[in-house]
Amino acid sequence: MDPNNIPMPAEQEKQEAISQILDAAFPRPVSFRRELWDTLCIAGIRTVFCGVGDCLALAVLLWAFCLFPASYLANRAGGLAQVLLLLSPLLYAALSLLTAWKDLQIGIREWTCTFRISAQIVSALRMLCFGAASVLVCVPANLLLWSVSGHLHPLGWMLALSLSSLFLYGTLSLLCLRLRGMMRILAAPIIWLIIGVIPLMWPPAAAWLNTIPTVVFCLLFACALLLYLTEMRRFCRRSIEGGFSYALH
């Protein structure tokens, strides 16, 4: 072959080669649900919750221990709504706080950055599992408090209030993750604790909370769930971490 007469690819061939390279380096964006599922399939449940088993057990024990004072307060006149407001997000908050603390200890973010796995997606998978677990425990907890309180309020009203509180707290915790430093983790439980203490310290607020009808809490629950899922998607899309972004930078 004549070295001075090397055949050059046509312009269309160049564009096709460039497109193939870009498609290999930058996969097409997938839906949020597909990204969650793909990450779960790649990593697996054991990897997503790697190293935080003690935190999960401690959070469950803390929630179970708090049922005793909650039952006592629920038996008091007008105390049921305040108990549900504080108790419903407790398991979710404990799981989130303890696993976040453990992540700092074992370096989950540094670990995920070595793979094509986003730390935000791993956190989102955990939060979804925490939310599902909290919803499941809300049912027996409400049955217990309903029985202890002498059927003071309808069970449906209690469940609607519990689920509304749970997903409002979950949305608040996701919004607080926009902050920097330790406040991104501590702000949500502090704010919710202040909100929950107000009805305990101010009887008119407790009386008003007890008069809210079930349908209002059902609508609030639906809105809170939608906001929770929307904010979780924004959280995962806010800043992509992992092997991809580090290779590009």
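The figures that follow rest on heavy atoms only: side chains count, while hydrogens, waters and symmetry mates do not.
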Minimum heavy-atom distance between K102 and C55, given as atom pair plus value: CB-SG, 3.6 Å
A188 and L172 have their tightest heavy-atom pair at O-CD2, 3.8 Å
Assign the ring pair W146 / H151 to parallel, tilted or perpendicular, where the plane angle (0 to 90°) is split at 30° and 60°. parallel
Would you call I185 and W101 a side-chain contact if the rule is heavy atoms closer than 4.5 Å? no
What closest approach, in Å, do L67 and A141 show between heavy atoms, and which atom pair accounts for it? CD2-CB, 4.3 Å
So which heavy atom on A206 is nearest to which on P199, and how close? CB-O, 3.4 Å
For A81 versus W157, what's the shortest heavy-atom pair and its separation? CB-CH2, 3.8 Å
Side chains of P213 and V216 in contact at under 4.5 Å (non-hydrogen atoms): yes
Quick check for you: to the nearest 0.5 Å, what is the distance between C66 atom SG and L87 atom CG? 7.0 Å
Hey, does W192 have a side-chain heavy atom less than 4.5 Å from the side chain of L85? yes
Nearest-0.5 Å distance, CG of residue L179 to CG of residue L186: 10.5 Å
Indicate yes or no for a side-chain donor-acceptor contact from S134 to the backbone of F130 under 3.5 Å, with no hydrogens or angles considered. yes
Is the shortest side-chain heavy-atom distance between L174 and L227 below 4.5 Å? no
How many angstroms lie between atom CG of L145 and atom SG of C138, to the nearest 0.5 angstrom? 10.0 Å
Backbone N or O of F217 within a donor-acceptor pair of the S164 side chain at under 3.5 Å? yes
Are L56 and V60 connected into the same hydrophobic cluster when the rule is that any two of I, L, V, M, F, W, Y join if their side-chain heavy atoms are below 4.5 Å apart? yes
Can you sort out the partners of Y92 under ring-ring contact (aromatic ring centres under 6.0 Å, His included), two or more places apart, ordered by chain and number? none
Distance col, row I194:CD1 vs M201:CE, nearest 0.5 angstrom, shows 13.0 Å
State yes or no: do L229 and L136 share one hydrophobic cluster built from I, L, V, M, F, W and Y residues joined by side-chain heavy-atom distances below 4.5 Å, directly or via other members? no
So, do F235 and M127 sit near enough that their side-chain heavy atoms are less than 4.5 Å apart? yes
A side-chain contact here means heavy atoms from C-beta on lying under 4.5 Å apart; do M232 and L128 qualify? yes
Listed by chain and number, what are the side chain to side chain donor-acceptor pair (under 3.5 Å) partners of S165, not counting sequence neighbours? none
side-chain contact (heavy atoms from CB on, under 4.5 Å) assessment of M158 paired with L143: CA-CA 9 Å; M158 295 173 58; L143 285 172; over 6 Å; no
Are L144 and V135 in one and the same hydrophobic cluster, where Ile, Leu, Val, Met, Phe, Trp and Tyr link if side-chain heavy atoms are under 4.5 Å apart? yes
Does Y169 reach the side chain of L90, with side-chain heavy atoms less than 4.5 Å apart? no
Same apolar cluster (I L V M F W Y, side chains within < 4.5 Å links), V139/L225: yes
Look only at the side chain of S96 and the backbone of A93, and say whether a donor-acceptor pair between them is shorter than 3.5 Å. no
Between CD of E231 and CG of L175, what distance do you get to the nearest 0.5 Å? 4.5 Å
Heavy-atom side-chain contact between L166 and S162 under 4.5 Å: no
Are L161 and I198 connected in the hydrophobic side-chain network, where two residues link if heavy atoms are under 4.5 Å apart? no
Nearest 0.5 Å, please: how far is CE in M183 from CG in L177? 12.0 Å
With a cutoff of under 4.5 Å between side-chain heavy atoms, which Ile, Leu, Val, Met, Phe, Trp and Tyr residues group with L58? L98
Apply side-chain contact (heavy atoms from CB on, under 4.5 Å) to C176 and R184, showing your working. CA-CA 5 Å; C176 290; R184 69 196 304 266; 5.8 Å; no
Under the side chain to side chain contact (heavy atoms under 4.5 Å, CB included) test against L84, which residue among L163, N142, L209 passes? N142
